[in-house]
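Proteins come first, then strands; the chains are lettered A, B, ... in the order of their sequence lines, and each starts at number 1. As a basis for the values below, the full set of heavy atoms in this structure was taken, side chains included, without hydrogen atoms, waters or symmetry mates. All values derive from a computational prediction rather than experimental measurement.
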Number of protein chains: 2
Amino acid sequence: MATTATWTDHALRTLEDAGYRSGAARAHVVRALGRQDCCLTARELADQLRDGGDEVGIASIYRALEVLGELRLVHRMDAGEGVVRYEPAMPSGEHHHHIVCDHCGQVAAYEDERLEQAIDALADRLAWSVDRHDVVLRGTCPACA
Amino acid sequence: MATTATWTDHALRTLEDAGYRSGAARAHVVRALGRQDCCLTARELADQLRDGGDEVGIASIYRALEVLGELRLVHRMDAGEGVVRYEPAMPSGEHHHHIVCDHCGQVAAYEDERLEQAIDALADRLAWSVDRHDVVLRGTCPACA
DNA sequence: CTGAGTGCAAACAGTTTGCATTACT
DNA sequence: AGTAATGCAAACTGTTTGCACTCAG
């Protein structure tokens, strides 16, 4: 992820601008998220931080993720197996979607412009105001096939 | 749902063909699902059954839903707020997707042919074998706007 | 100094599992 | 008769909350 520093800085600044005080736990969470290139769970985040010597209480991780989600700095994504995954959300709105392997549980990312266009066109047709979307594909990954 | 009886019968027959014995709890779950036109949670299912005088233990409901899911008779869908929703899956493969209101939590269904085509084309391009997909839109419903 | 931020442990909600009982086949 | 299906209650898992303590502003 070429934009690692960019997102981290953007996130920290957005937090400050929104009036949040700076604290160690939240900053660690932000920095760890900035290093990711795809989604991860709260536990995975906790494990990474602990392994990196920056142990953060799980409650603080959830609280940080909640705030980041409200500020639209992270995107919550639900692979559908009872765990929520989180990933940094680019301010540009650029994003990808996920495909999950039914056998090994692996989660991969993909992008597709035509899909985005279809969703935009659909959103215009609906009486709702649509501001986000998730497309989760499921199937079998090449390794499990 | 014009296909209520059809789906219920299809499901009961598929269960029998798969070698499952017929039992009251599972049959009640199947019949209740056959009456739905959109997704509902295990608890909602339990409440409906209880209100209809057919009380079924929550464990049996989950076990029935698990079996039905394996047989591809129900589709699990995750609105992303910590509860799994289930809905009957048509043998034809015909299906719809969902849009969730951020404010009131309402879940509505929609269909879009162009979206399906985009996903089919995308699936062909990927090295994975894709057999299901979910598209969840989020935003604000007309009532909350 | 004051209150936001943090961590721990307890509380919670949804789901799953162990086990004794019931009832298809 | 034998075994799958069921229901209850206990166990589990991921997430949230209450509360005392710390630290940024």
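- With contacts defined as side-chain heavy-atom distances shorter than 4.5 Å, the pair Gln106(B)/Trp128(A) qualifies.
- When all heavy atoms are compared, the tightest approach of Asp37(B) to His96(B) is O-CE1, 3.8 Å.
- Residue-level contact check: Ala25(A) touches the backbone only, with heavy atoms under 4.0 Å from sugar-phosphate atoms and none from bases.
- Cluster annotation: Val136(A) and Ile99(A) are assigned to distinct hydrophobic clusters (Ile/Leu/Val/Met/Phe/Trp/Tyr, side-chain heavy-atom contacts under 4.5 Å, transitive).
- Straight-line distance from the CD atom of Glu66(B) to the P atom of dA4(D): 16 Å, rounded to whole Å.
- One can place CZ of Arg21(B) at 5 Å from C1' of dC24(C), the figure rounded to the nearest angstrom.
- Rounded to whole Å, atom C1' of dG14(D) lies 13 Å from atom CD1 of Ile61(A).
- A close approach under 4.0 Å does occur between a side-chain nitrogen or oxygen of Arg26(B) and OP1 or OP2 of dA5(D).
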Worksheet item: So Asp134(A) and His98(A), side chain to side chain donor-acceptor pair (under 3.5 Å) or not? Walk me through it.
Response: CA-CA 8 Å; Asp134(A) 276 302; His98(A) 302 92; 5.5 Å; no

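- In this structure, Gln117(B) places its CD atom where more than 12 heavy-atom neighbours from other residues, nucleotides or ligands lie under 6.0 Å away.
- Residue Glu70(B) contributes atom CD, which lies 14 Å from atom C1' of dT16(C) at whole-angstrom precision.
- Listed candidates were dG25(D), dT15(C), dG14(D). Nearest to the side chain of Val83(A) is dG14(D).
- When all heavy atoms of Cys39(A) and Arg85(A) are compared, the closest pair comes out as O-NH1, 3.5 Å.
- Residues from residues 41-52 of chain B lying near DNA chain D, meaning a heavy-atom separation below 4.0 Å, are absent.
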Discussion item. Assess the residue pair His95(B) and His133(B) against the criterion (ring pair (Phe, Tyr, Trp, His ring centres under 6.0 Å)); give the C-alpha distance rounded to whole Å, side-chain angles, the decisive distance to 0.1 Å, and a yes or no.
Written reply: CA-CA 10 Å; His95(B) 63 277; His133(B) 61 261; 4.9 Å; yes

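- Look at CG on Leu65(B): it is 15 Å from P on dA5(D), rounded to the nearest Å.
- Comparing Gly19(B) and Ala59(A), the nucleotide of DNA chain D nearest to each residue sits closer to the 5' end for Gly19(B).
- In this structure, the CD atom of Glu16(A) is 14 Å from the P atom of dA24(D), given to the nearest Å.
- The separation between Tyr62(A) atom OH and dT17(D) atom P is 13 Å, rounded to whole Å.
- Contact annotation: Ser60(B) side-chain N/O to dG7(D) OP1/OP2 distance is under 4.0 Å.
- Whole-Å rounding puts the Arg63(B) CZ to dT17(C) P distance at 9 Å.
- If Ala24(A) and Ile58(B) are placed on DNA chain C by their nearest nucleotide, the residue sitting closer to the 5' end is Ala24(A).
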